[in-house]
2 protein chains.
Amino acid sequence: MANQLSLSIDRSSPVPLYHQVVQGIEAAIHSGILEPGSRLDNEIDLAAQLNLSRPTMRKAMDELVRAGLLVRKRGVGTQVVSSQVRRPLELSSLYDDLSNNGKKPTTEVLSFSHVEADPLTLAALQLPAGSKVYHFTRLRKVGGKPLALMENWVRDDITSIDEAQLAKEGLYAILRRGGVNFRLASQRIGAMIANDYQAPLLEAEAGSALVTMERTAVDDTGRMVETGHHVYRADSYSFEMTLVQR
Amino acid sequence: MANQLSLSIDRSSPVPLYHQVVQGIEAAIHSGILEPGSRLDNEIDLAAQLNLSRPTMRKAMDELVRAGLLVRKRGVGTQVVSSQVRRPLELSSLYDDLSNNGKKPTTEVLSFSHVEADPLTLAALQLPAGSKVYHFTRLRKVGGKPLALMENWVRDDITSIDEAQLAKEGLYAILRRGGVNFRLASQRIGAMIANDYQAPLLEAEAGSALVTMERTAVDDTGRMVETGHHVYRADSYSFEMTLVQR
DNA sequence: AACATCCTAATGTCAGGACAAACTCTTGAC
DNA sequence: GTCAAGAGTTTGTCCTGACATTAGGATGTT
């Protein structure tokens with residue numbers, strides 16, 4: 001049952017070999033060369049076809065299994081999963097998500113200040129008393145229609161932020177350029193009713209449904225970098241994700 | 001900087017060695033033996049201390065990094081992450097989540113039928129025309145208070161389901177006992193306003209906010225097993241999750 | 001024809017080694 | 001005193017090899 005998925009591996013590339021394999025198989029699945037449900041060759045043959053060792057091949061397949069694209073069964077083989085699934089929720093900003101989907105988001109900075117953090121923010125970011133933070137609220141629109149109302153607090157000892165930057169690009173892009181390597185974020189998603197402040201800004205009726213998200217992001221040194229409270233129009237936004245059993 | 005985390009590895013156990021290490025370190029972190037921010041010994045020493053090879057040790061640490069408990073940096077070492085983060089959203093049912101938190105959920109079956117699937121359900125579960133499915137709605141309460149209203153469709157060629165079972169335990173427990181090995185699920189979380197049907201059942205006022213979730217679950221053979229539409233009282237439920245950068 | 005048993009194929013686990021790349025700290029030069 | 005070069009440490013990648021475990025088909029027996 002040969003399944004020639006003619007990938008090419010570039011051994012002089014700085015991209016690790018197993019990651020090249022991941023990208024190759026991912027592309028083959030998304031382009032339809034590998035159909036949902038079809039079986040792959042066994043690991044040993046695949047490794048031999050690409051002149052790789054089995055551990056390297058396995059590491060690549062491990063990632064694809066984790067991502068939910070492949071399913072392995074001992075004694076049987078490896079199959080392309082029935083597809084129709086989305087990528088897992090990524091550690092990215094709304095701005096990135098929209099840009100990647102070809103949309104053109106615009107940002108309106110409603111307020112911006114550099115102030116001493118209130119006790120709740122100190123706790124959320126685990127900062128010592130008296131620390132200053134950036135505090136700002138933004139309104140994000142897509143195609144002229146309001147989508148999200150975002151309030152954020154960011155520690156100020158990483159990179160400086162100004163209002164003009166925030167209007168031009170996403171918060172995460174600014175922070176990444178400031179040297180922040182995000183590692184993880186914990187977030188909570190819920191719902192609420194639009195209040196009298198939110199409704200007109202989002203051009204929604206008072207009493208309509210909003211999706212709420214609270215998030216705190218941590219960088220690779222363990223610092224809490226950013227915390228925020230966002231609300232989205234429920235008729236225009238929802239969170240999609242894929243859960244993988246481990 | 002020795003960091004004796006006296007784990008014991010049982011080589012005669014059927015549990016893989018790397019998984020024993022994962023459990024051991026996980027326990028050490030949760031019990032506070034390994035404090036947040038503390039550095040672990042390097043991989044080679046750790047492997048030697050436990051009489052393991054480096055690849056085995058690395059595989060264990062890979063899992064912990066993926067789970068967000070550890071952070072590695074080349075040339076520097078491995079640290080316990082600042083903690084305070086929750087476990088990732090698991091592929092589990094509401095019933096399991098509540099039971100694990102010590103709550104005592106009760107389930108009321110509002111409707112139950114075994115019927116031909118409508119076109120939307122056929123598409124969601126990728127079934128051939130004319131297939132029959134179980135269709136039921138349930139109301140879940142905790143401490144006597146309504147929390148969730150759940151409508152589900154389940155394919156009928158896996159295991160039989162009856163009303164009495166659904167009142168006693170969670171859907172996923174029934175399916176797992178029927179031989180289903182869940183692999184992944186894709187879900188969408190959003191918000192809506194309680195309508196006249198939902199509000200009285202959830203003992204909420206009409207017009208109050210609800211969290212909505214739509215989910216389709218896939219087993220290890222690639223079959224779409226179950227799809228459902230759930231709504232939760234926004235004042236009693238929200239989705240918490242940890243996102244890990246990869 | 002039905003059933004239990006063996007065999008094969010595939011993934012799962014584990015070992016040991018080698019070199020590359022990145023970060024830190026020290027040392028040295030200016 | 002400041003900056004740059006280098007050494008050492010630690011993780012990242014990749015290889016070869018071996019055996020265990022499981023699923024499913026083939027085989028043989030009753």
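Letters A, B, ... mirror the listed sequences (proteins, then strands); counts begin at 1.
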Consider side-chain contact (heavy atoms from CB on, under 4.5 Å). Of B:Leu40, B:Leu64, B:Leu69, which one does B:Val80 pass it with?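 Among B:Leu40, B:Leu64, B:Leu69, the one meeting side-chain contact (heavy atoms from CB on, under 4.5 Å) with B:Val80 is B:Leu40.
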
Quick one: on DNA chain D, does A:Arg74 or B:Ile44 contact a more 5' nucleotide (nearest heavy atom)?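 With A:Arg74 and B:Ile44 compared, the 5'-side residue is B:Ile44.
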
Taking atom types as modelled, find out whether [X] and [Y] have a side-chain donor-acceptor pair closer than 3.5 angstrom.
X: B:Gln49; Y: B:Asp41; result: yes
X: A:Arg138; Y: A:Thr107; result: no
X: B:His135; Y: B:Asn152; result: no

Below 4.0 angstrom from OP1 or OP2 of [N], is there any side-chain N or O of [X]?
X: B:Lys59; N: C:dT13; answer: yes
X: A:Arg11; N: D:dC15; answer: yes
X: B:Arg58; N: D:dG12; answer: yes

So do the side chains of [X] and [Y] get within less than 4.5 Å of each other, counting heavy atoms only?
X: B:Ser131; Y: B:Arg155; result: no
X: A:Phe239; Y: A:Met213; result: yes
X: B:Lys132; Y: B:Tyr134; result: no

Could you state the atom-to-atom distance from [atom1] of [X] to [atom2] of [N] in whole Å?
X: A:Leu64; N: C:dT11; atom1: CG; atom2: P; result: 14 Å
X: B:Arg72; N: C:dC23; atom1: CZ; atom2: P; result: 15 Å
X: A:Glu63; N: D:dT13; atom1: CD; atom2: C1'; result: 13 Å
X: A:Arg54; N: D:dC15; atom1: CZ; atom2: P; result: 14 Å
X: B:Met61; N: D:dG12; atom1: CE; atom2: C1'; result: 13 Å
X: B:Gln79; N: D:dT9; atom1: CD; atom2: P; result: 20 Å
X: B:Asp62; N: C:dT13; atom1: CG; atom2: C1'; result: 15 Å
X: A:Asp41; N: C:dA10; atom1: CG; atom2: P; result: 9 Å

Nearest to the side chain of [X], which nucleotide is it out of [options]?
X: B:Ser53; options: D:dC15, D:dT13, C:dC14; answer: C:dC14
X: A:Pro55; options: D:dG12, D:dT16, C:dA15; answer: D:dT16
X: B:Thr78; options: D:dC15, D:dT11, C:dG12; answer: D:dT11

Can you name the closest pair of heavy atoms from A:Arg140 and A:Pro105 and give their distance?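 Taking every non-hydrogen atom into account, CD-CB, 4.1 Å.
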
Which heavy atom of A:Ser38 sits nearest to which heavy atom of A:Glu35, and what is that distance?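 Minimum heavy-atom separation between A:Ser38 and A:Glu35: OG-O, 2.6 Å.
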
If you measure from the Lys or Arg side-chain nitrogens to the Asp or Glu carboxylate oxygens, is any gap between B:Glu43 and B:Arg72 under 4.0 Å?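 The answer is yes: the pair qualifies as a salt bridge.
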
With a 4.0 Å cut-off on heavy atoms, is A:Thr56 in touch with a base, just the backbone sugar-phosphate, or nothing at all?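 A:Thr56: backbone/sugar contact only, no base atoms under 4.0 Å.
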
Go ahead and write out DNA chain D as dot-bracket, 5' to 3': ( ) for pairs within the strand, [ ] for ones crossing earlier pairs, | when the partner sits on another strand, dots for unpaired; Watson-Crick or G-U wobble, both distances under 3.5 Å. ||||||||||||||||||||||||||||||

Residues of residues 13-23 of chain A with any non-hydrogen atom less than 4.0 angstrom from an atom of DNA chain D: list those, numerically ordered, please.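 Residues of residues 13-23 of chain A under 4.0 Å from DNA chain D: A:Pro16, A:Leu17, A:Tyr18.
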
